[in-house]
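First comes the structure, then the notes that go with it.
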Amino acid sequence: MGETPKPLPIWHEGETFLQEKVGAGVAERMAMVGQRVIRDFMPDQHRDFYAQLPFLVIGSADPDGDAWATVLEGRPGFLSSPSPTLLDIAARPSAGDPAAAGLTDGAPVGLLGIEMNTRRRNRMNGVASTMPAGFRVAVDQSFGNCPRHIQLRDATPARDPAQPFAGAVEALTALDPAARAVIDAADAFFVASYADRGDHRQVDVSHRGGKAGFVRVAGDGTLTIPDFDGNLFFATLGNILLNGKAGLLFVDFASGDLLQMTGDAALVLESPEIAAFQGAERLWTFKARKIVRRRGALALRWTLRADGWSPSSLMTGDWSQAADRLRAEETATRWRPMTVTDIVEESASIRSFHLRPTDGAGLPPHLAGQHLPIRVTPAGAEKPVVRTYTLSVAPSDGIHRISVKREGLVSRHLHDHVRIGDVIEARGPAGGFTIDARATRPAVLLAGGVGITPLLAMLRHVVYEGLRTQRIRPTILVHAARSTAERPFDREIADLVTAANGAVRLVRVLSDPGEAAPGVDCDAVGRIDMALLTRILGFNDYDFYVCGPPAFTQALYDGLRGLNIADDRIHAEAFGPSSLKRTGQTMETAAPARRPPSTKPVPVAFMNTLKEARWTPGSGTLLDLAEARGLDPAFSCREGTCGTCRTKLLKGAITYVKEPSAAVAADEVLLCCAVPAEAETGEDAPLQLAL
């Protein structure tokens, strides 16, 4: 007797590869999830669900190995389940349906039951056998599916579904203008794919949704599709990873037209377009080899409800926005004119300025917590002055907003002289004080005064991404101000707390409460210190984000370290020139090894301005050298913290006399704290800078 074959794992290697790409431990967790949610039978609620549907999406693979997706229709009840492991389908494909070639005895199929007026859907794959009136499918895998990105539509019949389709079947050699128009306008489509597992084939069919136009059609007919956050099953993309084949079905819901395609698909796991397309985790492409169009093939017609857009779909981007962001990234190192579109009084001393680019190139994507370098010429000044102000909005907000406290030369100029319609120059956002909205560890945001600005951006991002992905990171915001008159963003923060539905807790602290009512206008009196934190926190496993004046930030950092909070769990940014003095850094976070500064003169060429100079050991930093040569490079902090003076290093080697805290790439240099490095051998090589 032969050995009994071992049962196949729930997930195949394509699915587990993508699960592992998401992060450490995800594949192991999904192995346990799969055991719980992937069944070899249909639960009763699934059987009842199929029985009430007037249509079913089905995927097949034809004898040539091409995947196709199609729709079968009937009156409710045409789907029935005689047992938990069987589903009967009292319908057959219409004449000319290319999916029919794969719907034969013993053929693997994928099924999707979807109810667009309730956003409910269930999936199943199995093996078909023909019956006199249709098919019977024996269950291989059955599971529920995420309802997000489904637009609410109501269906009405245009004819009796039992009446066979008798229209023309068009075989297209390429996407014509009408087909492109359907794809351009689509907010949903269906995709069939398959994987060969051991001695049997497993076919899957799924729904994809987004904003209208979320599928891009290139000139050569290649489709590019963003893949959004989902349930981490990766059935479709895992199949594509293994064999590179897919079948797409676009439905014109108003006319009943079907556009069916089969062809070659590929995953895109690394691309600047992923970050540029809001909400995209990865991309995939599809190029059709065979295209079939059947106008009016469906008996049903669907109408989008007035409130039918999926909130998750509306929280994603589109290709126009992505293209704008990519164009804007090309200008990140240049000064761009920004028009002030709105000015909002946030408190007695803080004013917000809303900015949009005047060049039409869009805004580059930024990270929540980053700052924006701006350049203005204050009244009476002889030349422009550069400052950096935190963006107080999330990346998803689609605008730049800086919120400025009136306390210095540039801030007074902004408050006293800048009006709506004026133009301010800005470079691309920068900074490493950011938050991961998807981390599971609770976040504690500690804001002192105007230090609320990056933490507000972080909170907006956490709530937005949490609502989009349906997993809000638990967050506690402790917000300190002198008085209610000095405290900004009250209404905005309250709205975020409400939207988070319990995932965000707010603690408002006033040092001079005056007539503020405890429990109504504030939650604590005094300052944010360790005594307060020990009262309001259980000191579980938190990530801390601290922003405020230098003394405030240093005191909280030292206090948290005193309670044995790991250094890498404390993320901090101080306003002003002082940098945080950290203790207990691990080897991974310690400063990288640097070559010593050169002890000899080094020629320096500023290539953009075609100027040259000679650096000597006593001439200061490269920023000092550039200024001495008459150049005017942008800078703000002169401490290596803001990144404003970031410049491309074209040739040569540099080192830092003060280790920068701002992120800097291998081919970049922060002029304010850099000098030429000592040569490894021979003479010191000349430097070339893109300045």
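Quick note: residue numbers are just sequence positions, from 1. All values below come from the heavy atoms of this structure, side chains included, with hydrogens, waters and symmetry mates left out.
Taking CG of Asp199 as the reference point, atom CZ of Arg197 lies at 11.0 Å (rounded to 0.5 Å). The line from OG1 of Thr316 to CZ of Phe277 is 5.5 Å long, rounded to the nearest 0.5 Å. Leu72 contributes atom CG, which lies 6.5 Å from atom CD1 of Ile89 (distance to the nearest 0.5 angstrom). Taking CG of Asp318 as the reference point, atom NZ of Lys211 lies at 5.0 Å (rounded to 0.5 Å).
Between Phe233 and Trp11, the ring planes are tilted. Angles from 30° to 60° get that label.
Here the rule is ring pair (Phe, Tyr, Trp, His ring centres under 6.0 Å) with His207, and of Phe189, Phe228, Phe190 only Phe190 fits it. Between Glu115 and the options Gln52, Arg121, Arg120, a side-chain hydrogen bond (donor to acceptor under 3.5 Å, both in side chains) holds for only Gln52.
Residues Leu249 and Val71 form a side-chain contact, since some pair of their non-hydrogen atoms from C-beta on lies under 4.5 Å apart. With a 4.5 Å cut-off on side-chain heavy atoms, Ile58 and Leu103 count as touching. By the 4.5 Å heavy-atom criterion applied to side chains, Asn125 and Val109 are not counted as neighbours.
Side-chain contact of Asp97 with Thr70: a donor-acceptor pair under 3.5 Å is present, judged by distance alone. Between Thr236 and Asp204, the side chains place a donor N or O and an acceptor N or O closer than 3.5 Å (distance only, hydrogens not considered). In the model, Asp196 has no side-chain atom that pairs as donor or acceptor with a side-chain atom of Gln202 under 3.5 Å. Counted by atom type alone, Trp302 and Asp154 present zero donor-acceptor pairs between their side chains at under 3.5 Å. Using modelled atom types, one finds a donor on one side chain and an acceptor on the other under 3.5 Å when comparing Gln278 with Arg325. Under the 3.5 Å distance criterion, with hydrogens and angles disregarded, a donor-acceptor pair is assigned to the side chains of Thr130 and Asp105. Using modelled atom types and a 3.5 Å distance limit, the side chains of Arg123 and Ser206 yield a donor-acceptor pair.
A salt bridge is defined here as a Lys NZ or Arg NE, NH1 or NH2 lying under 4.0 Å from an Asp or Glu carboxylate O, and Asp436 with Arg473 fails to meet this definition. With respect to Arg438 and Glu465, a salt bridge is recorded, a charged nitrogen being found less than 4.0 Å from a carboxylate O. Ion pairing between Asp264 and Lys245 fails under the 4.0 Å rule for side-chain N and carboxylate O. Checked for salt-bridge contact, Arg295 and Glu170 meet the test: a charged N lies under 4.0 Å from a carboxylate O.
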(request) I would like to know whether Arg460 and Asp397 meet salt bridge (charged side-chain N to carboxylate O under 4.0 Å, His left out); could you show each step before the answer? (result) CA-CA 9 Å; Arg460 291 186 66 85; Asp397 286 313; 2.8 Å; yes
(message) What verdict does the side chain to side chain donor-acceptor pair (under 3.5 Å) test give for Asp227 and Trp284, after you've listed the backbone C-alpha separation in whole Å, the side-chain angles of each residue and the deciding distance to 0.1 Å?
(response) CA-CA 7 Å; Asp227 186 63; Trp284 58 285; 4.8 Å; no
(message) Does Asn239 form a side chain to side chain contact (heavy atoms under 4.5 Å, CB included) with Phe234? I'd like the steps, not just the answer.
(response) CA-CA 8 Å; Asn239 292 346; Phe234 295 121; over 6 Å; no
(request) Output, in order, the C-alpha distance, side-chain angles, deciding distance and verdict of side chain to side chain contact (heavy atoms under 4.5 Å, CB included) for Asp140 and Val127. (result) CA-CA 7 Å; Asp140 181 9; Val127 178; 5.8 Å; no
(message) Please determine whether salt bridge (charged side-chain N to carboxylate O under 4.0 Å, His left out) holds for the pair Lys290 and Asp66, giving the CA-CA distance in whole Å, both sets of side-chain angles, and the decisive distance to 0.1 Å.
(response) CA-CA 9 Å; Lys290 301 174 186 177; Asp66 287 330; 3.1 Å; yes
(message) As a quick check of understanding, evaluate side chain to side chain contact (heavy atoms under 4.5 Å, CB included) for Leu326 and Glu273, giving each step before the final call.
(response) CA-CA 7 Å; Leu326 289 173; Glu273 289 188 321; 3.6 Å; yes
(request) Walk me through it: do Gln151 and Arg305 pass the test side chain to side chain donor-acceptor pair (under 3.5 Å)? (result) CA-CA 8 Å; Gln151 279 48 271; Arg305 290 184 182 175; over 6 Å; no
(request) Let me see the working for Val268 and Thr285 under side chain to side chain contact (heavy atoms under 4.5 Å, CB included), right down to the final yes or no. (result) CA-CA 7 Å; Val268 181; Thr285 62; 4.1 Å; yes
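Residues passing the ring pair (Phe, Tyr, Trp, His ring centres under 6.0 Å) test with Phe165, sequence neighbours excluded: none.
For the pair Asn122 (side chain) and Leu112 (backbone), a donor-acceptor distance under 3.5 Å is absent. In this structure, the side chain of His366 engages the main chain of Val393 through a donor-acceptor pair within 3.5 Å. The backbone N or O of Leu367 sits less than 3.5 Å from a side-chain atom of Gln370, completing a donor-acceptor pair. Glu73 places a side-chain N or O within 3.5 Å of a backbone atom of Ala299 that can act as its donor or acceptor partner.
Taking the centre and axis of the six-membered ring of Phe135, the NZ or CZ atom of Arg92 falls inside the cone set by 45° and 6.0 Å. A cation-pi arrangement, defined by a distance under 6.0 Å to the six-membered ring centre and an angle within 45 degrees of its axis, is present between Arg216 and Trp319.
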Can you give the donor-acceptor pairs under 3.5 Å from side chains of residues 175-183 to other protein atoms, not counting sequence neighbours?
from   : atom 1 : to     : atom 2 : distance (Å)
Asp176 : OD1    : Ala178 : N      : 3.3
Asp176 : OD1    : Ala179 : N      : 2.8
Asp176 : OD1    : Arg293 : NH1    : 3.0
Asp176 : OD2    : Arg293 : NH1    : 3.3
Asp176 : OD2    : Arg293 : NH2    : 2.7
Arg180 : NH1    : Ala218 : O      : 3.1
Arg180 : NH2    : Ala218 : O      : 3.2
Arg180 : NH2    : Gly219 : O      : 2.9

Under 3.5 Å, which donor-acceptor pairs link side chains of residues 16-36 to any protein atom two or more places apart or in another chain?
from  : atom 1 : to     : atom 2 : distance (Å)
Thr16 : OG1    : His12  : O      : 3.4
Thr16 : OG1    : Glu13  : O      : 3.1
Gln19 : NE2    : Leu232 : O      : 3.1

